[in-house]
A.B. asks: 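Sharing a structure, written as structure tokens. Questions coming.
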Protein chains: 4
Amino acid sequence: MAPIVSEEYKEKMKSKILNSALECFAQKGFSTTTINEIGAHSGISKGSIYNYFVSKDDIYLELLNRATENDKIDITKNFSKLRSSYSKISFLFDVFLTLDPFEPKRAGQNVVFYEFTFHCTRSKRLLELITDRGNFLVNLIKETLEKGQEVGEINPNIDTQVYAHKFWLILDGVSLQTIYKDFPYYDVLSEMKEMYLEEIKHK
Amino acid sequence: MAPIVSEEYKEKMKSKILNSALECFAQKGFSTTTINEIGAHSGISKGSIYNYFVSKDDIYLELLNRATENDKIDITKNFSKLRSSYSKISFLFDVFLTLDPFEPKRAGQNVVFYEFTFHCTRSKRLLELITDRGNFLVNLIKETLEKGQEVGEINPNIDTQVYAHKFWLILDGVSLQTIYKDFPYYDVLSEMKEMYLEEIKHK
Amino acid sequence: MAPIVSEEYKEKMKSKILNSALECFAQKGFSTTTINEIGAHSGISKGSIYNYFVSKDDIYLELLNRATENDKIDITKNFSKLRSSYSKISFLFDVFLTLDPFEPKRAGQNVVFYEFTFHCTRSKRLLELITDRGNFLVNLIKETLEKGQEVGEINPNIDTQVYAHKFWLILDGVSLQTIYKDFPYYDVLSEMKEMYLEEIKHK
Amino acid sequence: MAPIVSEEYKEKMKSKILNSALECFAQKGFSTTTINEIGAHSGISKGSIYNYFVSKDDIYLELLNRATENDKIDITKNFSKLRSSYSKISFLFDVFLTLDPFEPKRAGQNVVFYEFTFHCTRSKRLLELITDRGNFLVNLIKETLEKGQEVGEINPNIDTQVYAHKFWLILDGVSLQTIYKDFPYYDVLSEMKEMYLEEIKHK
DNA sequence: GATGAATGAGCATTCATTCAT
DNA sequence: GATGAATGAATGCTCATTCAT
């Protein structure tokens, strides 16, 4: 039997729900947000939401999956435009430097993301999800650094695995500190960027 | 007539409840943990728990207060034993270097702490609590760096506020990454320590 | 899309709940009656009850509001049919004279009403509610007496405010005494009616 | 074995508890008042209260028993001082006329009393208690009227039973109306007194 | 497919009562 | 006798999920 509504329509509904859910979660946190609220915010009835997602958890999961997927695509796409390893790393720092981490919406989503990460910590299945994401991100940097070493762009003495982690710890650390209203985000991140680039540069 | 039980006894009960609560929260998260579970875990009846704490939130809060207080005392006490600013900073890195961040109990508590931090983000009152804690920690480093600059131990050109934040971002970042099972905690933290100390050293 | 159920349906549900609640309250009193009992009595689940009423208090309030509203409408409607002030007052006495105050259901509701009245005594907000009701009733009689005075039907020397209160104190007093099983309700009320009418009559 | 403390002491404790309980009940109502509050108010520990009363209900009951008993004694004592039936009735009206029914403490106790009366309505055992009290009061007036009839002081044509009830309905009605802040208590009660006395007088 | 009414398990919290000291 | 810590049954209320229309 042919579907009654187009795939496109379904996708649009899902997105609408997910967007609303993200905003609600960002504002109030996952467990405090009710399906009713997501419904009210999206203008979609509670019953309909269950036509698209099997559970509240499912919404959360899909949200994170997509975020991760988007990140992956974004980064990969942008990396492919850049030639040198060095400029790729630099570019990634710049992405975060051009963000306003104190803007409420972004701050909210930041919190949701970390909360979810911690939540995953407690379930084997979810831990895999978040580990996959982590591995992808770490490997992205690691491989970039390795390619850079191969072409003599990157300091051959550095442990690429360690430096890949160092890269993300800086970004995580900096994101985390933004909960303090007077955290000098740009200054700190710029300095960390300079330092990092200096360390990986082939001397 | 004298109180029926000693203050000591009461303190012991509170501690018992708090310890159980911490373990439960670490295992399941704050909102998922029920008072019944804390009761079962501690062997103390639900009703009794309410004789010692006003609410579930109150337990959480007291837990964090104590953790913060202990941290403050520990750090302050140890700092007072050390002469140079440089060695104080070095010492603090070492504290974290001698910890096993993958040990389940510690990992669980780590998660609880961060979750609570994010939770605080959503309430003005709680945000103050966590901001106070943050300010204390940042100022501790900032003041240490400033004293070091006065006596010519620390590079006079660094912005102490920025470097205080840098210090904690490193530790936050490193703690966060420990959710990945193959994160090379010691290697990364050691390198970050060296780098940090190198930067603040008077040349 | 049209609402899933008609307003009528919703109203019917509300009434069903309210009727059950009234019977339960009458039987056991407000605070002793549980939401579960109202649910069991009405055959409506606890959760559903909360779809129609915000809280147990809300049920109580709505119950009283409706009772008051009905009283107001009933009295006003009947008053408009009657020409003379004298006959209006007489009619109101007769309404109570044709009631069986010992009939269990009525007796129960009577108790609920008085209990609620006393309960209101303890909250500023609720006191207003009950005061409004009281004022309406007193003013109704007062105005009726005044109109009667204008047309020379009612004794011009009586203080209408005082006599309005006297009217209701008789009815309250008589209602209250019905808790005694051998209280000669009709005899007493008839006599009081006669006396009252005699006093207000223009001589 | 001889009692460890004197009966006097015990009685003093009971009274202390009862007084506190009455004030608490008057302020917050029976069910809302907790044993802890009575304890705090009286300065007697929860545990001790249970040495004197078997339950919270027991306190309530004893409170009402004593109130009734006191009323009985008071009225009987005062009646015995008065010769004529007429002056006895008049005296009783005056007792209420010299009271300030709006004084918070009295108003509160008034409410407690009525609440308890209604509460009794729901238990056979308690209903007896309150019926006994009612009967005593009604009979007191009835017998007074009858004696007055015998000596030609009181109108021989009135139904003493009905008039006894009429007496108390006036007082109940007037007490009830005091919940309205602008109820003209003295005016109304004076008029009712006059009217009542006029009716029972031998003409 | 859409809707929102119905459901009931689940939770935090309260409080009369007991009882060891 | 006095005390107040311990207990746990009981309650109002929430909310994810189901399902009849």
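Chain A is the first sequence line, chain B the second, and so forth, proteins listed ahead of strands; every chain is numbered from 1. The analysis underlying the following values was restricted to heavy atoms, covering all of them including side chains, and did not include hydrogens, waters or symmetry mates. Since this is a predicted model, take the numbers as computed values, not measurements.
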A.B. asks: Using atom CD1 of B:Ile49 as one end and atom P of E:dC15 as the other, report the distance to the nearest whole Å.
C.D. replies: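 Computing the B:Ile49:CD1 to E:dC15:P distance gives 18 Å.
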
A.B. asks: Pick the closest DNA chain E nucleotide for C:Ile44 and for B:Ser55 by heavy atoms, then say which residue is nearer the 5' end.
C.D. replies: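 Nearest nucleotide further toward 5': that of C:Ile44.
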
A.B. asks: Which part of the nucleic acid, if any, lies within contact of D:Lys56, taking any heavy atom under 4.0 Å across all strands shown: a base, the sugar-phosphate backbone alone, or nothing?
C.D. replies: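 The answer is sugar-phosphate, as D:Lys56 gets under 4.0 Å only of primed atoms, P, OP1 or OP2.
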
A.B. asks: Over all strands shown, is D:Thr33 touching base, sugar-phosphate only, or nothing at heavy-atom distances under 4.0 angstrom?
C.D. replies: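 The residue D:Thr33 makes sugar-phosphate contact but no base contact.
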
A.B. asks: Quick one: sort the D:Phe30 and D:His119 rings into parallel, tilted or perpendicular, breaks at 30° and 60°.
C.D. replies: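 D:Phe30 and D:His119: tilted rings.
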
A.B. asks: Are B:Leu126 and B:Thr121 side-chain neighbours, meaning at least one heavy-atom pair lies under 4.5 Å?
C.D. replies: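 They are not in side-chain contact.
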
A.B. asks: Mind calculating the distance between CD (D:Glu11) and P (F:dG1) to the nearest angstrom?
C.D. replies: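 Computing the D:Glu11:CD to F:dG1:P distance gives 13 Å.
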
A.B. asks: Within the structure shown, what part of the strands sits under 4.0 Å from D:Tyr9 by heavy-atom distance: base, sugar-phosphate, or nothing?
C.D. replies: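 If one applies the 4.0 Å heavy-atom cut-off, D:Tyr9 turns out to touch the sugar-phosphate alone, with no base involved.
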
A.B. asks: Just N and O in the side chain of B:Lys10: are any of them under 4.0 Å from OP1 or OP2 of F:dG4?
C.D. replies: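 For F:dG4, OP1/OP2 do not have a side-chain N/O of B:Lys10 under 4.0 Å.
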
A.B. asks: When you match B:Gly47 and C:Gly47 each to their closest nucleotide on DNA chain F, which lands nearer the 5' end?
C.D. replies: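 It is B:Gly47 whose nearest nucleotide is closer to the 5' end.
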
A.B. asks: Report the distance from atom NZ of B:Lys14 to atom C1' of F:dA5, rounded to the nearest whole Å.
C.D. replies: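 So the NZ-C1' distance, B:Lys14 to F:dA5, works out to 15 Å.
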
A.B. asks: When you get a sec, tell me which of F:dT7, F:dA16, F:dG4 is the closest nucleotide to the side chain of A:Tyr50?
C.D. replies: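 Side chain of A:Tyr50 sits closest to F:dA16.
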
A.B. asks: Whole angstrom is fine here: how far is it from CD1 in A:Ile38 over to P in E:dG4?
C.D. replies: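 Interatomic distance, CD1 of A:Ile38 to P of E:dG4: 16 Å.
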
A.B. asks: Looking at D:Asn51, I'd like to know whether one of its side-chain N or O atoms comes within less than 4.0 Å of OP1 or OP2 on F:dA2.
C.D. replies: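 For F:dA2, OP1/OP2 do have a side-chain N/O of D:Asn51 under 4.0 Å.
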
A.B. asks: Identify the nucleotide, in any strand shown, that forms a Watson-Crick or G-U wobble pair with E:dT21, with both distances under 3.5 Å; if there is none, say none.
C.D. replies: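 Base-paired to F:dA2.
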
A.B. asks: In whole angstrom, give the distance that lies between atom CZ of A:Phe53 and atom P of F:dC15.
C.D. replies: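 Distance check: A:Phe53 CZ to F:dC15 P gives 21 Å.
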
A.B. asks: Counting the benzene-type ring for Trp, do D:Tyr114 and C:Tyr114 have ring centres under 6.0 Å apart?
C.D. replies: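 Distance test on ring centres: not under 6.0 Å, no.
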
A.B. asks: So D:Ile38 and D:Lys46, do their side chains get closer than 4.5 Å, heavy atoms only?
C.D. replies: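 D:Lys46 does not reach D:Ile38 side chain to side chain.
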
A.B. asks: A:Tyr52 near the nucleic acid: base, sugar-phosphate alone, or nothing, with a heavy-atom cut-off under 4.0 Å?
C.D. replies: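 Sugar-phosphate: the residue A:Tyr52, judged by heavy atoms under 4.0 Å, touches backbone atoms but no base.
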
A.B. asks: Give the nucleotide from the list E:dA6, F:dA5, E:dA9 with an atom nearest to the side chain of C:Lys46.
C.D. replies: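 Nearest to the side-chain atoms of C:Lys46, counting from C-beta on, is E:dA9.
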
A.B. asks: For A:Asn36 and F:dT14, what is the distance between atoms CG and C1' respectively, to the nearest whole Å?
C.D. replies: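 Whole-Å distance recorded here is 10 Å.
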
A.B. asks: Among F:dG8, F:dT17, E:dT13, which is the nearest nucleotide to the side chain of B:Ser45?
C.D. replies: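 Ranking F:dG8, F:dT17, E:dT13 by closest atom to the B:Ser45 side chain puts F:dG8 first.
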
A.B. asks: Just how far, in rounded Å, is P of F:dA6 from CD1 of B:Ile35?
C.D. replies: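 Going from CD1 in B:Ile35 over to P in F:dA6 covers 15 Å.
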
A.B. asks: Is a side-chain N or O of A:Thr117 found less than 3.5 angstrom from the main chain of A:Phe113, in a donor-acceptor match?
C.D. replies: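 Pair found, side chain donor or acceptor close to backbone of A:Phe113.
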
A.B. asks: What's the closest nucleotide to the side chain of B:Ser48 if the choices are E:dT17, F:dA16, F:dA6?
C.D. replies: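 Looking only at heavy atoms from C-beta outward on B:Ser48, the closest nucleotide is F:dA6.
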
A.B. asks: What nucleic acid atoms does D:Thr34 come within less than 4.0 Å of, heavy atoms only: base, sugar-phosphate, or nothing?
C.D. replies: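 Sugar-phosphate: the residue D:Thr34, judged by heavy atoms under 4.0 Å, touches backbone atoms but no base.
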
A.B. asks: Can you confirm whether A:Phe116 sits close enough to A:Leu63 that some side-chain heavy atom of one is under 4.5 Å from a side-chain heavy atom of the other?
C.D. replies: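 Not touching, per the 4.5 Å side-chain cut-off.
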
A.B. asks: To the nearest angstrom, how far is B:Lys12 atom NZ from F:dA5 atom C1'?
C.D. replies: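 So the NZ-C1' distance, B:Lys12 to F:dA5, works out to 16 Å.
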
A.B. asks: Both C:Glu37 and B:Met13 contact DNA chain F. Taking the nearest nucleotide for each, which residue is further toward the 5' end?
C.D. replies: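 In this pair, the answer is B:Met13.
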
